[in-house]
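Everything quoted here is computed from the prediction, not taken from an experiment. Side chains included, hydrogens not; waters and symmetry mates left out as well; all remaining heavy atoms used.
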Amino acid sequence: MSRVPGWLGRIGAGLSEMGERLNEKRAKDDEPDAHEPDDVAGEELDHVPPPPTYAPAVAARPDPAAAVPWGMRVATEAGWRLLVLAGTLWVLMKVISAVQLVVLAFVAALLITALLQPTVARLRRVGLPRGLATAVTAILGFVIMGLVGWFVVWQVMENADELSGQVQDGIEDLRKWLLNSPFHVTEDQINDIATSLRDAVGANTEELTSAGLEGVTVIVEALTGILLAMFSTLFLLYDGRRIWLWFLKLVPAQARPGIAGAGPRAWRTLTAYVRGTVIVAMIDAIFIGLGIYFLGVPMAVPLAVIIFLASFVPLVGAVVSGALAVVVALVTQGVFTAVMALAVVLAVQQIEGHILQPFILGRAVRVHPLAVILSVAAGGMVAGIGGAVVAVPLVAVTNTVVGYLRAYSREAALKAAPKPQPQGATDADVAPPTEPQQQQ
């Protein structure tokens, strides 16, 4: 009897242990698998069937950038860069238009400085101090320019009455010549043209009056620009090198050596362009002026001065000033004199274009005629006559700077490239010098 309770106790302990194990197993089966989604937690996935053999193979989707054709990717990369560049140029043009008077005055000062700088250098070599050489050169230059302008105005005022009578006589002679010419022009047609001209002038009387009133503002702006150009020229002649060194400090350090080398070359190009243009314009004015003087055209000297000034606008200025001389010859001396004046103008311009400019200007500042026409047109649209004058030297200087920077970057790349080792040489043979050798 004493053994029964112990046996029953062992049976009870075993049953309790079996119950605990069953509970643990049931709890494990109820817990969801961490590697399975929640909706299939607890479900038993013993086997995943393979896809059927008739199902098509699905390729992996490529990267979207790789799916775009190469040409289109290149076009888009270049396109957004061009948009950024165009936006930058547009903002720059807006800024220049807002301060157009200051920009034109400074550019004119650069051109005058390029013309007068050699004189300052010669005076300094003679022994004059820099300030005195600058003052003498600037005063003489401005006095000569003022005398030229005064001479043109004086000649026009002196010959205005005589020219007016000659123009009226010339118009009458031209009317008679048209009536008797083989062009079969009738007097009614000539009268209709004269009536149209009178009506156009009468209809635009208010605009002409407002333009005359605005002339005061134009004169004030012109005087302001002249004063700015004079002061800028004085400081550029006296302290140009220090101004250039200050400008180099604003350039990033990595680009500073290239800009420092391109600056003197750009200045030499500008100096050569201005001096060559002055010489060519003077030759044009002298020979065309002599030609129309011997033909008896009135105001030959003022016309020659106008031709000299207009020659600073390449191609276009020579054509316009030559046409003005021909028109004056036509209305004052008749058709034959006008034809002879046209022959003189064309001959001088042909000699200028094919002999004088290539010989005097040289290859350093040679610009293609298409680039000249486009730059003059763009400069005239942006800033009028002043823009047309500075457009071609700007293109010539830009061409020089871009060419030098391209050559400089190529040379820098060649220097940075590793030099090939000779056959049979070891690393010790081409090792760089030690620190003490570099310091020496």
Side-chain angles (χ1 to χ4, degrees), residues 99 101-153 222-251 256-257 259-286 305 308-309 311-313 356-357 359-362 364-365 386 389-390 392-394 396-398 400-401 404:
V99 291
L101 180 63
V102 178
V103 173
L104 289 179
F106 183 74
V107 174
L110 282 176
L111 296 177
I112 298 172
T113 304
L115 180 63
L116 300 180
Q117 181 63 38
T119 305
V120 176
R122 292 191 187 96
L123 292 178
R124 292 196 63 188
R125 283 195 297 267
V126 170
L128 290 180
R130 182 174 59 180
L132 183 58
T134 301
V136 171
T137 304
I139 291 173
L140 288 178
F142 292 141
V143 167
I144 292 174
M145 295 178 192
L147 288 176
V148 169
W150 170 80
F151 179 76
V152 173
V153 174
L223 292 177
T224 304
I226 291 172
L227 291 176
L228 286 175
M230 291 175 63
F231 280 107
S232 300
T233 302
L234 285 174
F235 286 110
L236 288 174
L237 286 173
Y238 180 76
D239 219 7
R241 179 175 177 80
R242 192 174 301 175
I243 294 173
W244 169 246
L245 294 177
W246 173 83
F247 172 77
L248 285 179
K249 294 180 182 179
L250 304 178
V251 180
R256 195 173 298 165
I259 300 298
R265 289 166 175 81
W267 182 252
R268 284 196 294 268
T269 299
L270 183 62
T271 303
Y273 175 84
V274 174
R275 294 173 62 186
T277 303
V278 169
I279 295 173
V280 172
M282 190 175 298
I283 293 174
D284 286 349
I286 290 174
V305 176
F308 171 78
L309 297 176
S311 297
F312 283 91
V313 182
L356 296 179
Q357 285 189 355
F359 179 74
I360 296 175
L361 296 179
V365 292
V389 171
V390 303
V392 177
L394 179 62
V397 170
T398 303
T400 301
V401 171
Y404 173 80

Can you tell me how far apart [atom1] ([X]) and [atom2] ([Y]) are? Round to the nearest 0.5 Å.
{"X": "L128", "Y": "L123", "atom1": "CG", "atom2": "CG", "value": "5.5 Å"}
{"X": "D239", "Y": "R242", "atom1": "CG", "atom2": "CZ", "value": "4.5 Å"}
{"X": "M282", "Y": "T277", "atom1": "CE", "atom2": "OG1", "value": "12.0 Å"}
{"X": "M145", "Y": "I112", "atom1": "CE", "atom2": "CD1", "value": "4.5 Å"}
{"X": "R241", "Y": "R130", "atom1": "CZ", "atom2": "CZ", "value": "10.5 Å"}
{"X": "T134", "Y": "F235", "atom1": "OG1", "atom2": "CZ", "value": "11.0 Å"}

**Request:** Report the residue from T137, T113, V136 that forms a side chain to side chain contact (heavy atoms under 4.5 Å, CB included) with V120.
**Result:** T137
**Prompt:** For R265 and V401, what are the C-alpha separation, side-chain angles and deciding distance, and is it a side chain to side chain contact (heavy atoms under 4.5 Å, CB included)?
**Reply:** CA-CA 7 Å; R265 289 166 175 81; V401 171; over 6 Å; no
Is there a side-chain contact between [X] and [Y] in this structure, where contact means two heavy atoms from C-beta onward sitting under 4.5 Å apart?
{"X": "T271", "Y": "P118", "answer": "yes"}
{"X": "P393", "Y": "V274", "answer": "no"}
{"X": "L237", "Y": "Q117", "answer": "yes"}
{"X": "R124", "Y": "P129", "answer": "no"}

**For the student: nearest non-hydrogen atoms of A109 and A229, plus distance** = CB-O, 3.6 Å
**Fill in**
Here the pair of heavy atoms bringing V397 nearest to A266 is CG1-CB, 3.6 Å
**Prompt:** Can you list the steps and then say if V392 with Y273 is a side chain to side chain contact (heavy atoms under 4.5 Å, CB included)?
**Reply:** CA-CA 9 Å; V392 177; Y273 175 84; 3.6 Å; yes
**Asked** Does any N or O in the side chain of R256 come within less than 3.5 Å of the main-chain N or O of L248, such that one atom is a donor and the other an acceptor?
**Response** yes
**Asked** Is there a side chain to side chain contact (heavy atoms under 4.5 Å, CB included) between T233 and Y238 once you walk through the steps?
**Response** CA-CA 8 Å; T233 302; Y238 180 76; over 6 Å; no
**Verdict with supporting geometry, F106 and L110, side chain to side chain contact (heavy atoms under 4.5 Å, CB included)** = CA-CA 6 Å; F106 183 74; L110 282 176; 3.7 Å; yes
